[in-house]
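Since the model is a prediction, treat every value here as computed from it, not as a measurement. For reference, positions follow the sequence shown, starting with 1. Read the numbers this way: they start at 1 and go in the same order the structure lists the ligands and their atoms.
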Amino acid sequence: EMSAQERAFQERIDAGIKIEPKDWMPEAYRKTLIRQISQHAHSEIVGMLPEGNWISRAPSLKRKAILLAKVQDEAGHGLYLYSAAETLGVSRDQLVDELHAGRAKYSSIFNYPTLTWADIGTIGWLVDGAAIMNQIPLCRCSFGPYSRAMIRVCKEESFHQRQGYDLLISLCRDGTAEQKAMAQDALNRWWWPALMMFGPSDAESVHSAQSQAWRIKIFSNDELRQRFVDQTVPQAEYLGLTIPDPDLKWNAERGHYDFGAIDWDEFYNVLKGNGPCNRERLRARRQAWEDGAWVRDAAIAHAEKRAARTAQ
Ligand code: ACO
């Protein structure tokens, strides 16, 4: 049974009115947003690691400059998102603590290794492609700060997707047979984890119904996954690559591609912390936090000095 206050809140959402931080909101709405926005922020920050691994090995100055810019954008996205979460009454320190303690989730995709240079192109193409598919609708979500942060994030994600696809065009259309084989190998490894980014099937998605009612989610996990497959198949064809799914087939009746079954055991195993790189990722984030202690100490000392000076 909804209270009058909850009913009024739901009516605002149904009317497409944005909810702002100082507005009344149900506690569960606040909690859901903190959960999703902080997971999203952590994904951006942890997501810097697999690609950061290749900055010093990029094959040209141009590719290095592009990759550096992309990884820096991801740091920026993490910061906008932590700020959006802070408007809901949690601190960035609290959220980062949860991550470092291994209690917070971040996207499963960032627990896979980047073995070759083709992985960098494939991440841009597939991972950033999937991220855009999921995030464009979030520009219209009900919570003001999150929806506004998404506008700039999506513009930058679209650059990330394009640079990845451009890299793969160089390998697949202009490159040697060996370079094309390297791209095919990367696609073989990243395809299924990219489909898992959209989350469990609608039948298994615990939060979807409530999040859709609150317009925190506009489309379901399966709807977005289908759109992603439909958009990506012709892009793979243009590259001359084969998607590693024998069941992938155009279904004229549905007007969509049918695709094979996702290995949900693998997905849940990664969520539990047992993916190929989960431990390495957490270790790297904790190390970066410890290495940055002197910067935080200096900033605090400086702020205290200034405060003491103005108090005089
Ligand atoms: N990786 C890790 N965890 C996941 C993933 C995934 N790919 N998909 C779902 N989950 C988790 C959910 O966070 C939830 O966990 P929790 O209850 O402990 O919080 C659980 O699995 C159940 O899933 P759902 O009920 O479907 O959860 P939800 O409604 O939150 O939908 C989704 C998941 C689609 C990822 C949603 O949270 C979302 O749209 N998030 C914003 C986008 C985002 O975070 N993108 C990050 C990757 S893109 C990038 O950073 C480049």
Side-chain angles (χ1 to χ4, degrees), residues 28-29 31-51 70-71 73-82 84-85 95 98-99 102-112 122-143 146-147 149-150 153-154 156-161 163-164 190 192-225 227-228 262-264 266-275 277-278 281:
Y29 176 85
K31 273 212 178 119
T32 294
L33 278 170
I34 291 174
R35 180 183 63 77
Q36 179 168 322
I37 299 173
S38 63
Q39 288 176 358
H40 193 167
H42 299 325
S43 301
E44 299 284 356
I45 298 300
V46 177
M48 297 166 75
L49 296 169
E51 292 180 290
K70 174 186 197 291
V71 173
D73 284 350
E74 278 150 12
H77 298 176
L79 298 186
Y80 313 151
L81 287 161
Y82 285 126
L95 298 176
E98 292 284 308
L99 176 68
R103 284 191 299 267
K105 286 200 173 78
Y106 57 86
S107 184
S108 50
I109 194 75
F110 301 119
N111 294 303
Y112 292 86
T122 307
I123 287 177
W125 174 35
L126 300 181
V127 176
D128 294 287
I132 297 172
M133 196 56 83
N134 164 278
Q135 289 170 28
I136 293 271
L138 292 175
C139 297
R140 293 185 283 129
C141 81
S142 61
F143 187 56
Y146 193 30
S147 70
M150 279 303 114
V153 167
C154 285
E156 293 175 351
E157 293 290 3
S158 126
F159 151 60
H160 299 170
Q161 199 272 348
Q163 67 82 35
W190 289 94
W192 292 104
L195 294 193
M196 293 174 196
M197 286 177 69
F198 294 94
S201 70
D202 292 351
E204 301 294 322
S205 167
V206 285
H207 301 296
S208 276
Q210 184 55 265
S211 289
Q212 282 190 294
W214 279 330
R215 287 182 70 82
I216 290 171
K217 263 178 143 161
I218 314 279
F219 299 105
S220 80
N221 298 358
D222 286 333
E223 279 170 337
L224 291 172
R225 190 168 13 243
R227 280 191 192 192
F228 174 76
I262 290 172
D263 181 354
W264 293 113
E266 174 179 332
F267 173 73
Y268 287 112
N269 202 41
V270 172
L271 260 60
K272 272 190 240 140
N274 301 321
C277 301
N278 294 60
R281 298 293 182 243

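- Checked against the 6.0 Å centroid criterion, the rings of H42 and Y82 qualify as a close aromatic pair.
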Check ligand 1 against the protein and report each N/O to N/O distance under 3.5 Å, formatted as atom name, atom name, distance.
| unit_1 | atom_1 | unit_2 | atom_2 | d |
| --- | --- | --- | --- | --- |
| ligand 1 | 1 (N) | S108 | N | 2.8 |
| ligand 1 | 1 (N) | S108 | OG | 3.3 |
| ligand 1 | 7 (N) | S108 | OG | 3.1 |
| ligand 1 | 7 (N) | M196 | O | 3.3 |
| ligand 1 | 7 (N) | M197 | O | 3.3 |
| ligand 1 | 13 (O) | Q39 | OE1 | 2.7 |
| ligand 1 | 13 (O) | Q39 | NE2 | 3.4 |
| ligand 1 | 15 (O) | K105 | NZ | 3.3 |
| ligand 1 | 17 (O) | H207 | NE2 | 2.6 |
| ligand 1 | 18 (O) | K105 | NZ | 2.4 |
| ligand 1 | 19 (O) | R35 | NH1 | 2.9 |
| ligand 1 | 19 (O) | Q39 | NE2 | 2.8 |
| ligand 1 | 25 (O) | S205 | OG | 3.1 |
| ligand 1 | 25 (O) | V206 | N | 3.0 |
| ligand 1 | 25 (O) | H207 | N | 2.9 |
| ligand 1 | 26 (O) | S205 | OG | 2.7 |
| ligand 1 | 26 (O) | N221 | ND2 | 2.9 |
| ligand 1 | 29 (O) | K217 | NZ | 2.7 |
| ligand 1 | 30 (O) | R35 | NH1 | 3.1 |
| ligand 1 | 30 (O) | R35 | NH2 | 3.2 |
| ligand 1 | 31 (O) | K217 | NZ | 2.9 |
| ligand 1 | 39 (O) | N134 | ND2 | 2.9 |

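- F219 carries R227 over the face of its six-membered ring, with the cationic atom under 6.0 Å from the centre and within 45° of the normal.
- Donor-acceptor pairing under 3.5 Å is lacking for the side chains of D222 and S201.
- A donor atom on one side chain and an acceptor atom on the other are not found under 3.5 Å apart for Q36 and H207.
- One distance of note links CH2 of W264 with CG of N269; it measures 14.0 Å at 0.5 Å rounding.
- In the model, H40 has a side-chain atom that pairs as donor or acceptor with a side-chain atom of Y146 under 3.5 Å.
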